[in-house]
Trainee: 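First, the structure itself, so that you have it in front of you.
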Amino acid sequence: MTPAPAAPQRHSNLDRPHLLRLYELMLRIRAFEELAVEAQKEGYVLGAIHPSIGQEAVAAGVCAQLRRDDLMLSTHRGHGHTLAKGADALAMMRELFGREGGTCGGKGGSMHIADFEVGMLGANGVVSANIPIAAGAAHAIKLRGEDRIVACLFGDGAINRGPFLEGLNWAKVFELPVLFVCEDNGFAATTRTSSMTAGPGAAARAEALDIPAETLDGNDLLALESATRDAIAAIRAGGGPRLLHCRTYRMTGHTAVDPAAYRPAEEVAQWRDADPIARVAALLQDGGSGSDELDAIAAKVRQDMEEICQSAKDSPWPAEARAFEDVQDMGDPRERAY
Amino acid sequence: MTPAPAAPQRHSNLDRPHLLRLYELMLRIRAFEELAVEAQKEGYVLGAIHPSIGQEAVAAGVCAQLRRDDLMLSTHRGHGHTLAKGADALAMMRELFGREGGTCGGKGGSMHIADFEVGMLGANGVVSANIPIAAGAAHAIKLRGEDRIVACLFGDGAINRGPFLEGLNWAKVFELPVLFVCEDNGFAATTRTSSMTAGPGAAARAEALDIPAETLDGNDLLALESATRDAIAAIRAGGGPRLLHCRTYRMTGHTAVDPAAYRPAEEVAQWRDADPIARVAALLQDGGSGSDELDAIAAKVRQDMEEICQSAKDSPWPAEARAFEDVQDMGDPRERAY
Amino acid sequence: MAAITYLEAGRRALAEEMRRDPSVWAVGEDLGRGGVFGQYKSLADEFGPARISDAPISEACIMGASVGAAMSGTRPVVEMRFSDFALCAVDELVNQAAKARYMFGGQTKVPLVVRQPMGMWRSSAAQHSQSLEAWYVHIPGLVVVAPATPADNLGLLKSAIRCDDPVVYLEHKNLWTLEGEVPEDEHLTPLGVAETVREGRDVTLVTWSAQRWACLEAAETLSAEGIEAEVIDLRTLWPWDRDRVLASVEKTGRLLVVQEAVSVAGFGAEIAASVAEALHKRLAAPVKRLGAPRVPVSYAPPLEARVRVTAEAIVAAAREQITPAAA
Amino acid sequence: MAAITYLEAGRRALAEEMRRDPSVWAVGEDLGRGGVFGQYKSLADEFGPARISDAPISEACIMGASVGAAMSGTRPVVEMRFSDFALCAVDELVNQAAKARYMFGGQTKVPLVVRQPMGMWRSSAAQHSQSLEAWYVHIPGLVVVAPATPADNLGLLKSAIRCDDPVVYLEHKNLWTLEGEVPEDEHLTPLGVAETVREGRDVTLVTWSAQRWACLEAAETLSAEGIEAEVIDLRTLWPWDRDRVLASVEKTGRLLVVQEAVSVAGFGAEIAASVAEALHKRLAAPVKRLGAPRVPVSYAPPLEARVRVTAEAIVAAAREQITPAAA
Ligand SMILES: Cc1ncc(C[n+]2csc(CCOP(=O)(O)OP(=O)(O)O)c2C)c(N)n1
Ligand SMILES: Cc1ncc(C[n+]2csc(CCOP(=O)(O)OP(=O)(O)O)c2C)c(N)n1
Ligand SMILES: [Mg+2]
Ligand SMILES: [Mg+2]
C-alpha cells in the first residue's frame, strides 16, 4: 500500500554510458514482454506468461552485474533476469512460442527458460524450489574452489515456503557464495502477500539466520546497483550469503491474462509514477541525455524486438521425435506406451 | 557446550504440594523411561526408544500446565510430554511392547503414541511434521470458537525443516492459539545442532515472524512453569502464538542403544550436575521437605512403574485381524494381497 | 436438469456441503478471489474468509494444517492448485493424513478432501501437467477420485466431503469448461461405483477422468465399423469397481485400459494385472494398456500432443485386439 | 572373493568411487559420525567433512541442493536415512531432478544418487517401513535400483554413481547385516540387467530387494516337491530387464511376481501386466502377484509379520499356479 520509499541516491557522479546500457536493457526487457503478451493474444503463446513489467530495475540493477560465469536461478517471472544475464532474446522468444531453436528447444516454455551458456540455470514453475537448487550450485562452486557466485531470485510469496528457510539455512551453515534476492512486488498471484506473511518479511527472516540483509527501493536502479555491488564483493570474498529485499510492483496482473481487479486503482497509479524505466530516463536527462537520444534508443530497441518476435513466429516447430529425447540415458522412454 | 544458564528464580513463595506433584511426575517419567530401556534390553521393545532422561523439566513445567481439553503434539522423544498431559502409563508401556491395550493398540509404538482422550494428538516419527498439524488443530479450535489451546513440542533439530517456518507463519497469520515449545537439547541425533543451524535458533526465528518468544533454562522447572503460565494466558486470551525455547540436555544417546561417544565427557558431567529432578529435590528440601519424604516418593514411583512394566509384559499380543482394522472406511485393504 | 460446467459443478458441490455442514471449510491460495481457475468464485461472499480461507504459499502447511484440523472436528477441503504442487506436501498427505487413523489405533479419523487439478492442459509443461493417480492408489488409507463429467464432479465431490477418509480428488484441468446436465436436486454419486457409459459386447474400455471422452469418441468410430465397445468410467480409483470391470470383461473377453498418465507403473497396470489374474481363461485377446510414454510433458504444442492418448490410438488398439495384425 | 556385509559393500562402493572421481561427494544427516546405520563409518576420516558432509534436518534442501550441485559439475550421493523421509523431498526429486534435463532441452544432466533405505525392519512402524519403488518407476527421468546382495550393493552403487541420470537407490534395511561374497577387484554391476538366481522350468518368480531371499527359500521347498522355480532378481526396476523376464516366462509358462510393497498399484502390477500383454497365449496359468495388503505397516511384531510375504506364501501361490485347487 505504501509507495516505494524514496531511497537516497548513492552515486554522486553518474557513469552515463553505463547507465545508458542499463537503460537500453530495461527497455529491451519491457519490449520483450510487451511483445510476448501481444503474441499470446494472437495465439502464438499457449502457456502462461508472467510479465515483470514495472520490475525491470531488479533485473538491470542486480542480474546485469553478475559475471557471465556466475550462476543465476530465477522464477516463473524471469524474462528480465534472463535477458539481463545475457541470454539471447530470439532463443527466449522462440521458447515462449514452443519452437525449435528455443532456449530449451521449446520443451520448457516461459516458466522453464534456462540458458546454461550464460549461467542461467533455469526459471522454475514451483515457487521457492529454486532456492535449494541455488544453494546446491553454490555448494558445488565451493567444493570446486571457484570464485563464482550464484544469484537466486524469488518473489515475496516464496518466503512462506519451507525451501526458503531450508535453503537460506543451508547457504549460511556452509558459508556459500549465494546472493539471495527477494523481488517483492507486494503480491503472490491475487493475494496481497502481507496478508499471508507473518513479520516484516525476507530481510528479517534472513537476519534471524545471521545472513546480512538489506531492504531496498526495488525501482531505484542506482540503489540496487550499489547494494548489489557491495553484496557481490562481500560474497566473492568468501563472506557467505547475503540477501537483498527489493520492494517493487507488478504493473500487470499475475499472468498476462489476469485483469488484477483486486488492486485499488490509486495504488497502481502511484506505482506507475515510480516506473523504474522513467526514473532512469529522468536520471539520464539530468545527466545530459536529450530526450531525442532516449527516444531513439527506445525506438531502436522496439524495432529490434519486433524483428526478433517476427523471426520467432517464423521459426519451425520442433520435430515430434524430440518428445522422446533428453529424458535420460537409461531405458527406452517409449517402452510400453501406445 | 555452555551449561544451562542459571535462570533467576521467579517464584518467591513456593507452593510445596504443587511442587511435590511435579516432582513425582518427573520421577514417574524417568522411571518409565528407565524401565522401558531395560525392557528393550530384555527384548520386550523391538522398535526404537528415544529417552528424554534429563529433559523432564520441560514435560513438567510446560505440558503439565495444559488443561485436559487442551491439545498437544509431540515428537519421537515424547514419553515425558505424554505422561505429563495425563496419559496412562500402563497403556503407554503396552504400546512400547506392541501389546493389546496399548494407547494405539500396539500399532504405533513409541514414536506414534497418541491419547486423544487427554488431548494428546500424537508423537510423530517425522521431525517437524507435527508443527503444521498443531497449527491446523489450533485452526479448528479458532473456527469452532473454543478457548482451548494447542501445545506443540519439537527439538532444536526440527527448526531447520521447512514445516517449522510454514507452521509458525501459519499460526501467526491466522493468530492461532498455539504454544510452540522448542526443546533444545543441543543435538539432533549424533549431530551437534549448532553446527548445522544458522543464527541463534528458535526464538530468533519466531521473532522474525513477530511471534513473541522467550529463551529459558530448560532444566529450571519454576522458570518454565512461570513462563508457560504467562504464555498460555496470553494465548488463551486470543493473543496468537508464542514460542518458548528451552535449553536442556539429553543425558542418554539419541536412542537407547546409542552410546553417544560423540560428546565430551565433561559436557555430559556438567549437565548431570544440572539434573532437573535433583534441582527440584533441592528446592523442596529448601522449602522444608525432608530427604526421607523425597526418597519415599521416589521409591513409591519406582515400585508403581515396575508393576506397570510387569503388567505390560504380561499383556497379550494384538489379534492378527487388527492388522486390517482402522485403515479406512472405503475399500477392502485385503484386496489382491496374497 | 440444467447444463452447467464441470467447474461450476465443483463449486456447487462445495457450496451445498458448506451450507449443510458448518464444519466444512476450504483452504488454499487465492481462494478469496475465486481460486486460480475460478472454482471458488464468490464463495467467500457467502461463507466469509474464515471458511473460504486464503493461505500462504505453503503447500506442506496447507496439507499438514488440514490434517490437524481434520483430527479436531472440522472437515477441510484442501486446494492444491495443480496436482504437481501436491508434491510439496507428500509427507503431510502420505505419512500423516493417510496413516494417522491406523498408527493411532483408530483413535482418530482424517476427513479431508485434497483437490488436485491434474492433467495436460494448454502447454503447461512438465511441472503443471502431471497425472499421478497411481501413486495415491498405492497408499493405504487414501481414497482416490477422478470425475469426468459435471454431474460426477458435483456428486463425487459431495460424497468425498462426506467421507471420513482422506480423499485425493483429481479434477482434470482440461474439463473445467465442459458442460453437462446435472440434476437440480441434491445429487450424490457413491464412491467406489463405476459408470458404464456405453454398453458393448466386443471389448471393454476401462478409463477415468478426461480419457472418458476420448474413449467415447473411439467407441463411436468403432461402432461404425461394427465393433461394439463397452466403456467403463471408473470415477473412483480406490476403491475401484472391480466387480463391474470383471463382469464386463467376462462378457466381452477383451480389456483395453486407457489412461492419460505415464503407462509404466500407472494405475492401468493394476487393472490390467487384476483382470489378467482373474480372467485369464476368458480372455480372447491379451489385456492391453494405452497411456503416455515415459517422458515428462513438453511445452511445445506438437510435443505435448505427441504424448496424448487420442481417440485414433484407442480405435487402433481396439481393432488390433479384435483382429490382430499378422505377426 | 571375500565375504562382507551388504552395508560394508555400500560403504566400499562409495569409497572406491570417491577415490576414483573427485567430483563425487556424499551429503546427509549424521554422515560425519557414520550415518544412522553406519554406512558411512570412518569415510569422513579419509575424505574430510566437505566430501562426507553433514546436513541439517532439511530433506527438501538436501535433495534440492544436490540437484543444483549435480547441475554444476559434481556428483552428489544423497542420503535420505529412511525412504519414508524422502517424502519430504518429492518436489525436489520428481519436479526438479527428474525433469531438469528434459525441461531445459538437454542443456544439463542431474547425476545424483538418492540412497533411500527401505522396507520393513524390526517394528519400525508406519513411518519408517515403506517400500515405494513403484512411485519412482512411474516417473520419467529416474532410474530405480534395489540391490539384494552385498555384491550387487557394491556393483550397483558404483554403477549408479557413474550414471548421469538421477538414480533412486533403494537399499533394504533388513539386509544391512547380510554377508556375501564380493569380488576383491573392481566390481561393476550393469544397470538394467537382471540376475537369474536360480534356473527352473515350471514357474518364473520375479522379485527384487529382500524378497529375493524369500523366493530362494521358497524355490528350495518347491524343488523338494518336484517343482522347479526360476528365480529372477531384477536388481534394476527402471529400466527393468523385460527381455530376461519374457524369455523366462516363455519357457516356464507361469509368472509369479513377489514384492514386499503393497500389492495394489505396486511395481509388480507393471510386470504382471507386461507379461500378460506380451505372452497371453503362452501362459499356462494366470499371472499372479504377491505383495502386502493395502494397510500401513504396524509396530506390533505379530501385526508387522502379518503383512510380510513369506516363503510359505510364495510356495503356496506357486503350487496353486501349477495345480490349481478345484474351484
Ligand atoms: C509451490 C507452488 N505453489 C503455488 C504455485 C502457483 N503460483 C505461481 S506464481 C505464484 C505467486 C508467487 O508469488 P511471488 O513469489 O511473490 O512471485 P511473483 O509472482 O509475485 O513474482 C503462485 C502462487 C507454484 N507455482 N508453486
Ligand atoms: C524428516 C526427518 N528427518 C530425519 C529424521 C531422523 N531423525 C529422527 S530424530 C532426529 C533428530 C531430531 O533432533 P531434534 O529435533 O533436536 O530432537 P531430539 O531428538 O534432539 O529430541 C532425526 C534426524 C526424521 N525422523 N524425520
Ligand atoms: Mg510477489
Ligand atoms: Mg535436539
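Note on naming: letters A, B, ... go to the chains in the order of the sequence lines (proteins, then strands), and numbering restarts at 1 for each one. Computation of the quantities below employed the complete heavy-atom set of this structure, encompassing side-chain atoms and omitting hydrogens, waters and symmetry-equivalent molecules.
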Trainee: Output the option from A:D115, A:V150, A:I131, A:I141 having the highest count of non-hydrogen pairs under 4.5 Å with chain D.
Mentor: A:D115
Trainee: Is any side-chain heavy atom of D:Q107 less than 4.5 Å from a side-chain heavy atom of A:C104?
Mentor: yes
Trainee: How close do D:D54 and A:F174 get, heavy atom to heavy atom, and via which atoms?
Mentor: O-CZ, 3.3 Å
Trainee: So, taking the atom named OG in D:S159 and the one named CE in A:M330, what distance separates them when rounded to the nearest 0.5 Å?
Mentor: 9.0 Å
Trainee: For A:V327, is it the side chain, the backbone, both, or neither that has a heavy atom closer than 4.5 Å to a heavy atom of chain D?
Mentor: both
Trainee: Using heavy-atom distances under 4.5 Å, tell me whether A:H139 contacts chain D through its side chain, its backbone, both, or neither.
Mentor: side chain
Trainee: Side chain, backbone, both or neither: which part of A:A171 has a heavy atom under 4.5 Å from chain D?
Mentor: neither
Trainee: A:L121 and D:M71: which non-hydrogen atoms are nearest, and at how many Å?
Mentor: O-CE, 4.1 Å
Trainee: What's the separation between atom SG in D:C61 and atom CG in A:N169, rounded to the nearest 0.5 Å?
Mentor: 8.0 Å
Trainee: Grab the two heavy atoms, one from A:A140 and one from D:T74, that are nearest each other, plus how far apart they are.
Mentor: CB-CG2, 3.6 Å
Trainee: Out of D:S66, D:S23, D:G105, D:G68, which one racks up the most heavy-atom pairs below 4.5 Å with chain A?
Mentor: D:G68
Trainee: Under 4.5 Å, counting heavy-atom pairs only, tell me which of A:A129, A:G162, A:G136 racks up the most with chain D.
Mentor: A:G136
Trainee: Could you give the distance from NZ (D:K109) to CG (A:D326), rounded to the nearest 0.5 Å?
Mentor: 8.5 Å
Trainee: Who among D:V67, D:T236, D:D91 has the most heavy-atom pairs with chain A under 4.5 Å?
Mentor: D:D91
Trainee: Could you give the distance from CZ (D:R101) to NZ (A:K107), rounded to the nearest 0.5 Å?
Mentor: 9.0 Å
Trainee: Testing D:L142, D:V167, D:V110, D:D165 for side chain to side chain contact (heavy atoms under 4.5 Å, CB included) with A:Q328, which one passes?
Mentor: D:D165
Trainee: Over all heavy atoms of both residues, which pair between A:L71 and D:S72 is shortest? Give the atoms and the distance, please.
Mentor: CD1-OG, 4.0 Å
Trainee: Out of curiosity, A:I113 CD1 to D:F104 CZ, how far, rounded to the nearest 0.5 Å?
Mentor: 10.5 Å
Trainee: Is any side-chain heavy atom of D:E92 closer than 4.5 Å to one of A:P163?
Mentor: yes
Trainee: How far apart are the closest heavy atoms of A:W170 and D:I62, and which atoms are they?
Mentor: CZ3-CG1, 3.6 Å
Trainee: Does A:E117 have more than 12 heavy atoms from other residues, nucleotides or ligands lying within 6.0 Å of its CD?
Mentor: no
